[in-house]
Structures are given as structure tokens and as C-alpha cells.
Amino acid sequence: MKAVEEIQRQGYTILKGIIPDDQVINIKDDIIKAADMFGVKNPNNTYLATTINHTQSFAYYTVDWRIMEVMESFFGPHVRISSTTTQINESRNKRGHWHADWPHTAGYIAKPIPDVVLHLTTIFMLADFTRENGGTLIRPSSHKWGSNPTYDNEHIFDDYEDQIYAEGLAGSVLVMDSRLWHAIAINNTNSRRVALVVRYAPWWLNLDVLMAGTVDQKIIVEEQPGTFNISYPPLSQEAYEQINDIAKPLFRHWVQI
Ligand SMILES: O=C(O)CCC(=O)C(=O)O
């Protein structure tokens, strides 16, 4: 399969037209509304963790067959969604630092990072992604380098000759191996660059460390200074009920009990 082959070889692929044109505006509006009301607003970006708690209109597209074909070919059945985070990059924001995503972050996986796909990060483009408005910066094939630049004393704000911008029309989805080096790019336009970051994990990857109050987060994160620390709020029962039935199995593990 082309998408899987591209992810294996270059660390990413772009799936076009996952959210149809006539739906993408509505979903974008729902997500902006939720992020502006419940998110963390910084001068550079607006961020909303567990966006699925606040709007569920995008859920159906997280299980689009083209996405699931990729996920299941890496992880087999029982794929889970580990996070749904709105990422709005505001006009004239600052460039972000090069990084790989969790769990390839400090304190989790010994270096060199093994050459195994453990987690896949997708970025749903809810605005067109262009070079001008800050389509995500990526370094193709960096998933094979065995490192996370953020924790390896790399030059994390440098420009590199091999870096490219992930570009695509609204409704497209960038799918990358979470090891791929990527960075927030500068939005040089007057419009907000709106995206939803959805991450996928196999059933056996321990996501408890991402949940505040769990024993594993205590042992693996809080009691180990320097470990990358991020928590995603649990999914409320009410929000879970609103999720499309086809998508529910991917979210069930995160429902608040
Ligand atoms: O917003 C982007 O383009 C990149 C977001 C990102 O780096 C991340 O969510 O890890």
C-alpha cells in the first residue's frame, strides 16, 4: 500500500480529501469555537487537549477507511486514539522547535530509539496548509535517526537543507511516524492556521502515563525528574455518547469512570 510504504520509507504520507469539502468548514468552525472557549490561548497558538470532549463532529473522519487501513497495517486490530488536540497557529507566531512526539520523549524509551513504529501522529488540516501559513515543518526520513532532537542537544531551532513544509488542501491528513522530526512553522498570513492533531496507538502501548492521577504516571513521570510530562483529560461519558458508533471503540479506553 502506497501510504504505508511512504510512512516506512520517508516517515510520513499525506492523505487527500479525508474530510469532504462540504464538511470541512463546519468542522473547522466547531473546533475553533471549542478551542476559543475551552483552550489555552497563547500569543503563538491556541491549544485544546482532548478536543473530543467539546465537539464530536470530527470523530467520524478519524476512522476513515484510508486512515484505518494504515493504522491496522502497523498496529493490527484494537487501535486506540491516544489524543485529540486542537492546534491553531496564530498569525506571525514564532517557529517551534524540532521534536519527535511521545513516547519518543525524555524518560520513556532508551536511546537509540529502536526502529519500530510505536505511535502514529496525524494532523488533520482544517485550513489549507501552505508554506506561507505554516504547514508543519518536517525532515523526511528522520524517523530512522534513532533520536529526538529536543533531548539530544541538537540545534532545535535551526533550518536544515532537507526540511520541507507539509502542504495540502483543507480536509487532507498528514500521517507521520511519531518519531519523525517536526516543528511548528511560522504563519506569515493574516488567517489562523487551524489543525487537529490526532494520535493513534496500538492496544499494548501504555497510555496510563498520559492520564493524571494514575499509578503509572506517578511512578514513570512524577517520580522521575526530567521525564516529559503531559496529561490529556479523560473523555466524559456525555461526550462519549455523542461519538459516532463506528469511532467509539477507538475512544472507549479513555472514558472517565
Ligand atoms: O501545528 C503543527 O504544525 C505541528 C504541531 C506539533 O508539532 C505537534 O502537535 O507535535
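The chain is numbered in sequence order, starting from 1. Note that ligands are numbered from 1 as they come in the structure, with each ligand's atoms numbered from 1 the same way. Quick caveat, the model's predicted, so the values are computed rather than measured. Values reported hereafter were calculated over all heavy atoms of this structure, with side chains retained and with hydrogens, waters and symmetry mates removed.
Taking E6 as the reference, K2 meet the salt bridge (Lys or Arg N to Asp or Glu O under 4.0 Å) condition, with sequence neighbours excluded. With sequence neighbours excluded, no residue forms a side chain to side chain donor-acceptor pair (under 3.5 Å) with R80.
Screening residues 14-23 for side chain to side chain donor-acceptor pair (under 3.5 Å) gives no qualifying pairs among residues at least two apart or on separate chains.
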| request: Determine, step by step, whether H182 and M176 satisfy the side chain to side chain contact (heavy atoms under 4.5 Å, CB included) criterion, reporting the C-alpha distance in whole Å, the side-chain angles of both residues, the deciding distance to 0.1 Å, and the verdict. | output: CA-CA 10 Å; H182 59 285; M176 54 184 173; 3.6 Å; yes
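Listed as neighbours of ligand 1 are Q87, N89, H99, D101, T136, H182, I184, R193, V197, R199, each bearing a heavy atom under 4.0 Å from the ligand.
Ion pair D128/R193 not flagged as a salt bridge, since none of the NZ, NE, NH1 or NH2 atoms sits closer than 4.0 Å to an Asp/Glu carboxylate oxygen.
Considering only heavy atoms from C-beta on, Y12 stays 4.5 Å or farther from D177 through its side chain.
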